[in-house]
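A, B, ... follow the sequence lines: proteins, then strands. Residue 1 opens every chain. These numbers come from the heavy atoms of this one structure, side chains and all, not from hydrogens, waters or symmetry mates. As the structure is a computational prediction, the values presented were derived from the model and not from experiment.
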Protein chains: 2
Amino acid sequence: MPHRKAQNLEIDNLDIQILSILMKNATTPYTEIAKELIVSGGTIHVRMKKLEEMGVIKGASLEVDPQKLGYDITAFLGIYLEKGSQYQEAVTQLKKIPEIVELHYTTGSWSIFAKIVCHDTNHLREVLNENIQSVSGIQRTETFISLEESIKRQITLE
Amino acid sequence: MPHRKAQNLEIDNLDIQILSILMKNATTPYTEIAKELIVSGGTIHVRMKKLEEMGVIKGASLEVDPQKLGYDITAFLGIYLEKGSQYQEAVTQLKKIPEIVELHYTTGSWSIFAKIVCHDTNHLREVLNENIQSVSGIQRTETFISLEESIKRQITLE
DNA sequence: GTTGAAAAGTGCTGCGA
DNA sequence: TCGCAGCACTTTTCAAC
């Protein structure tokens with residue numbers, strides 16, 4: 001039987017503090033984090049490796065301002081399905097629509113709840129009428145347009 | 001009158017391609033992007049600096065798996081305000097609740113639409129009853145719990 | 001505006017405690 | 001398990017095209 005390297009798979013306070021700093025700014029150098037938390041750079045490295053292996057860290061992504069790139073409309077969609085059992089098939093088809101940035105299976109009136117980002121109202125109408133309405137199993141949708149995004153952040157750890 | 005350095009403030013195809021690569025993986029080295037797009041590393045650097053100055057790039061953040069950190073519940077909240085004019089004051093108070101990760105001023109039945117992340121059902125109940133209901137101007141809320149997050153991605157450029 | 005290479009800074013790997 | 005020091009790599013800068 002192969003011997004697996006013994007490893008502490010618990011997340012302690014130091015891990016949380018490292019994550020908190022990097023969630024705000026993923027480009028913070030390890031040496032700076034080390035100085036702030038009063039440990040060595042090597043320790044930060046070891047902890048990060050552990051967190052990656054545990055799957056706690058899914059990756060790092062660049063945050064862009066959609067409006068500056070010509071995406072002016074953010075909308076939320078409540079989607080009614082004919083039958084709940086059609087969810088998986090509907091998701092498979094909805095994944096092909098690039099304007100959908102988030103999709104959830106939810107409790108309440110709707111089966112599916114989605115967030116979509118479009119260039120303008122014409123673009124939104126096209127996506128709704130041509131792309132989304134043609135997905136099999138979708139009965140009808142309700143649309144809410146975001147007029148202002150006042151909060152956009154990550155969870156605050158501990 | 002001070003002379004401001006002449007600079008091209010338009011976003012061309014090269015910028016879009018750089019952003020596309022970095023939005024998928026913010027840790028991609030500049031040299032690798034340069035090789036892929038057949039330009040020099042220096043050019044990537046100049047373009048990135050321009051995009052940062054333009055405010056197109058808001059930052060880079062680490063993506064974590066909330067469930068692995070003990071945050072098991074994602075919920076959406078439709079919030080009714082007594083008067084629409086109370087929006088700004090409500091937002092100021094809602095910003096102090098760390099569990100709220102996203103908040104929009106929307107068209108439709110509700111004035112405010114929010115996304116919140118909690119540890120468990122008890123935690124959710126606490127946030128709803130104690131924190132959110134005590135914000136001035138809030139009449140009532142409707143809650144939708146996400147049972148599955150099937151899509152979570154950024155906009156696809158061009 | 002772009003290039004290519006040199007300079008500065010950061011991340012990674014062993015050895016020692 | 002942690003800290004230190006050397007090596008590899010990336011980012012940044014800059015003169016030249």
Side-chain angles (χ1 to χ4, degrees), chain A residues 2-65 68-70 154 157-158, chain B residues 2-65 68-70 154 157-158:
Chain A
H3 179 64
R4 200 168 277 275
K5 186 172 66 173
Q7 196 175 338
N8 182 12
L9 288 175
E10 273 172 39
I11 296 168
D12 67 7
N13 209 275
L14 181 60
D15 297 320
I16 297 291
Q17 286 182 291
I18 295 167
L19 287 175
S20 291
I21 292 169
L22 287 170
M23 276 164 73
K24 285 174 205 143
N25 180 10
T27 59
T28 314
Y30 283 11
T31 48
E32 200 178 305
I33 301 171
K35 206 163 40 179
E36 204 170 323
L37 303 179
I38 319 170
V39 289
S40 78
T43 302
I44 306 290
H45 184 254
V46 171
R47 298 306 186 101
M48 284 297 286
K49 210 171 142 194
K50 179 188 78 177
L51 291 166
E52 273 167 29
E53 278 169 9
M54 285 173 73
V56 174
I57 295 170
K58 293 200 285 186
S61 68
L62 205 69
E63 278 170 39
V64 300
D65 186 340
K68 296 233 163 117
L69 291 168
Q154 289 198 285
L157 297 181
E158 228 64 341
Chain B
H3 178 63
R4 201 169 276 275
K5 187 172 67 174
Q7 195 175 338
N8 182 11
L9 289 176
E10 274 172 37
I11 296 169
D12 67 6
N13 209 276
L14 181 60
D15 296 321
I16 297 291
Q17 287 183 289
I18 294 168
L19 287 174
S20 291
I21 293 169
L22 287 170
M23 275 164 74
K24 284 174 206 144
N25 179 11
T27 59
T28 313
Y30 284 10
T31 47
E32 200 179 304
I33 301 171
K35 206 162 42 176
E36 203 170 324
L37 303 179
I38 318 170
V39 289
S40 78
T43 302
I44 306 289
H45 183 252
V46 171
R47 297 305 187 101
M48 286 296 288
K49 211 171 142 194
K50 180 189 77 177
L51 291 167
E52 273 167 29
E53 278 168 9
M54 286 173 73
V56 174
I57 295 170
K58 293 199 286 187
S61 65
L62 205 69
E63 278 169 40
V64 300
D65 186 339
K68 296 233 163 115
L69 291 167
Q154 289 198 286
L157 296 180
E158 230 61 343

Starting at [atom1] of [X] and ending at [atom2] of [N], how long is that distance when rounded to a whole Å?
{"X": "B:D15", "N": "C:dT2", "atom1": "CG", "atom2": "C1'", "result": "14 Å"}
{"X": "B:L37", "N": "C:dT2", "atom1": "CG", "atom2": "C1'", "result": "14 Å"}
{"X": "B:I44", "N": "C:dT2", "atom1": "CD1", "atom2": "P", "result": "10 Å"}

Test item: A:K50 side-chain N/O and A:E10 main-chain N/O as donor-acceptor pair under 3.5 Å: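 Answer holds: yes.
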
Between the main-chain N or O of A:L62 and the side-chain N or O of B:Q154, is there a donor-acceptor pair closer than 3.5 Å?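 Side chain of B:Q154 to backbone of A:L62: a pair is present.
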
Just wondering, more than 12 heavy atoms not from A:E52 lying within 6.0 Å of its CD?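 For A:E52, atom CD is crowded (more than 12 foreign heavy atoms under 6.0 Å).
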
Without placing hydrogens or testing angles, list every side-chain donor-acceptor pair under 3.5 Å for residues 29-41 of chain A, not counting sequence neighbours.
from  : atom 1 : to    : atom 2 : distance (Å)
A:S40 : OG     : A:G42 : N      : 3.4
A:S40 : OG     : A:T43 : N      : 3.3
A:S40 : OG     : A:T43 : OG1    : 3.1

Salt-bridge contact A:K58-B:D65 (side-chain N to carboxylate O under 4.0 Å): no

Protein-to-nucleotide contact annotation, 5' to 3' order, nucleotides 3-17 of chain C [B base; S sugar-phosphate only; - none; under 4.0 Å, heavy atom]: B------SSSB----

Would you say B:V64 and A:L22 make side-chain contact, with heavy atoms under 4.5 Å? no

C:dT2 OP1/OP2 closer than 4.0 Å to side-chain N/O of B:R47: yes

